[in-house]
Amino acid sequence: MKKRIWCIALVLGIATIFSGCGVSSNKTDAETNKTEISSSVEASKKKTTKNKKDLICPTRLGSLGWFDSLPKGEHVCFAGVIGALSNYQRGSVTNKRENVAGETPVVNPFNALLIRESFTEEKAKDYELKFADKLEEVPDILRTQKFWGIGLKDYAGLGSGDDDKIDIIVDKSDKVNINGFDFIREEGHINFLKADNNDQDVNNAAYYVGYYYTTKGVDSALLQENSEEMMGMAVFVTFREGVIAFYTGEENDRGKDITEEQIKALHSGSDLIMSTLRKEKGKASYSIY
C-alpha cells in the first residue's frame with residue numbers, strides 16, 4: 001500500500017520508548033445524531049494543560065492542527081510513528097507505570113494502536129477513493145481494510161497472511177464538536193478472520209474509537225494558514241495483550257482477554273486526546289507529523 005511520507009522530528013528510538021501514561025450491531029443500525037461533544041470529552045478538558053500552547057507531544061491531524069498523543073498524568077499514551085514512512089503509532093490505554101523503572105516510562109503494556117490518515121482530493125484519486133462532499137460520507141469512505149489492515153497485521157499482530165480479513169463493525173455513531181470542529185465519532189469492534197485456519201478466527205479481537213472529519217465548509221479561521229481541503233480520520237484501537245506472539249506461532253493462546261477496564265480506558269483516553277486538538281502545536285522538543 002502506498003504510504004504517506006511523514007516528517008518525524010523525533011530522536012531515534014522514540015517509537016519504542018516514550019514518557020507518559022495513565023456488543024455488537026450492524027453498521028446500518030447505527031444512527032448518526034447531531035449532539036454536543038460527549039460528556040467524557042467535556043470531563044477530559046478539565047484535565048488538559050492550562051497553557052494550551054504547551055502540548056507534551058504535538059501530533060499532526062491533517063490540516064486541523066495538533067493534538068497531544070501523550071496527555072500529562074494519564075495512563076493512555078502513544079509513541080512516535082513506526083518507521084519513517086508510517087502513519088501508525090503503538091500505544092497503551094492501561095499503562096502500568098508502577099512496572100517501569102527509571103524516569104522514562106515505556107509503552108507498557110502494548111495494547112493499543114493509533115491510525116491517522118488524511119486525503120486531499122488529488123490524493124484520494126490516487127487511492128481510488130471518492131472525496132467526500134459532506135462529513136457524513138467520510139466514515140464509509142475511510143472505513144476500509146486497506147488502511148486498517150496493514151496496521152492491525154504488521155503492528156498489532158492481528159494476522160499474518162495476505163488473505164487474512166478483518167470485519168469492522170460499528171456499534172455507535174454520533175456527531176460531536178471538538179474545539180470548533182465537527183467529527184463523526186464511532187465506537188465499534190473488529191472481528192478477525194484468518195484465511196488458512198478457521199480455528200484462529202477471533203470475534204471481538206479488538207475495539208476502536210474513530211474520529212472522521214472533513215475541512216470542507218469549515219471556517220478558515222480555525223484552520224492552519226494555506227491549508228488544503230481534506231478529509232481524514234484518527235482511529236484508536238485496543239486489542240489483546242500478547243496477541244502478536246499467538247499469530248507468529250510463539251504462543252498457543254491468543255493473549256489476555258480484553259477487559260472492560262481496557263475498553264473504558266480506550267473510550268475515555270481517545271476522547272481526552274482529541275479534546276486537546278488545536279491549531280497551534282506550541283513549544284515542544286519533538287513533534288509527530
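The first residue in the sequence is number 1, and the count goes up from there.
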Distance check, rounded to the nearest 0.5 Å: [X] atom [atom1] versus [Y] atom [atom2]?
X    : Y    : atom1 : atom2 : answer
L55  : L70  : CG    : CG    : 10.5 Å
E136 : S173 : CD    : OG    : 9.0 Å
T59  : R116 : OG1   : CZ    : 6.0 Å
M230 : L223 : CE    : CG    : 9.5 Å
L64  : T214 : CG    : OG1   : 9.0 Å
I273 : C77  : CD1   : SG    : 8.5 Å

With a 3.5 Å distance limit and no angle check, can you tell me whether [X] reaches the backbone of [Y] through a side-chain donor-acceptor pair?
X    : Y    : value
N179 : L277 : yes
K125 : F131 : no
E229 : T215 : no
S92  : P109 : yes
Q262 : I258 : no
T276 : D68  : yes
D219 : A221 : yes

Hey, are the side chains of [X] and [Y] touching, using non-hydrogen atoms and a 4.5 Å cut-off?
X    : Y    : answer
Y208 : E186 : yes
F78  : I288 : no
E117 : V235 : no

For this session: Indicate whether any N or O donor in one side chain lies under 3.5 Å from an N or O acceptor in the other, for T120 and E228.
Result: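 Not at all, the side chains of T120 and E228 share no donor-acceptor pair under 3.5 Å.
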Proximity of [X] and [Y] rings by center, below 6.0 Å:
X    : Y    : value
Y207 : F236 : no
Y211 : F67  : no
Y289 : W66  : yes

Considering all heavy atoms, the nearest [X]-[Y] contact:
X    : Y    : value
V237 : A206 : CG1-CB, 3.8 Å
Q89  : S69  : NE2-OG, 3.8 Å
L113 : I82  : CD1-CD1, 4.4 Å
W148 : R143 : NE1-CA, 3.8 Å

Problem set entry | Intermediate values then yes/no, side chain to side chain contact (heavy atoms under 4.5 Å, CB included), K123 and M231 | CA-CA 10 Å; K123 186 177 178 181; M231 63 181 180; over 6 Å; no
Exercise. Would F239 and F110 count as a ring-ring contact (aromatic ring centres under 6.0 Å, His included) if you check the C-alpha gap in whole Å, the side-chain angles of each, and the deciding distance to 0.1 Å?
Worked result: CA-CA 9 Å; F239 43 84; F110 167 42; 5.4 Å; yes
For this session: Start with the C-alpha distance between Y213 and F181, add both sets of side-chain angles, then the distance that settles ring-ring contact (aromatic ring centres under 6.0 Å, His included), and finish with yes or no.
Result: CA-CA 8 Å; Y213 65 89; F181 295 108; 8.2 Å; no
Exercise. Could you walk me through whether L61 and S118 pass the side chain to side chain contact (heavy atoms under 4.5 Å, CB included) check?
Worked result: CA-CA 8 Å; L61 187 60; S118 60; over 6 Å; no
Problem set entry | Among D171, D174, D271, the one residue meeting salt bridge (Lys or Arg N to Asp or Glu O under 4.0 Å) with R185 |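 Checked D171, D174, D271 against R185; only one passes salt bridge (Lys or Arg N to Asp or Glu O under 4.0 Å): D271.
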For this session: Decide yes or no on side chain to side chain contact (heavy atoms under 4.5 Å, CB included) for Y127 and T144, but give the supporting numbers first.
Result: CA-CA 11 Å; Y127 280 82; T144 171; over 6 Å; no
Exercise. Going through the distances and angles, do M233 and V138 end up as a side chain to side chain contact (heavy atoms under 4.5 Å, CB included)?
Worked result: CA-CA 8 Å; M233 69 180 190; V138 178; 5.8 Å; no
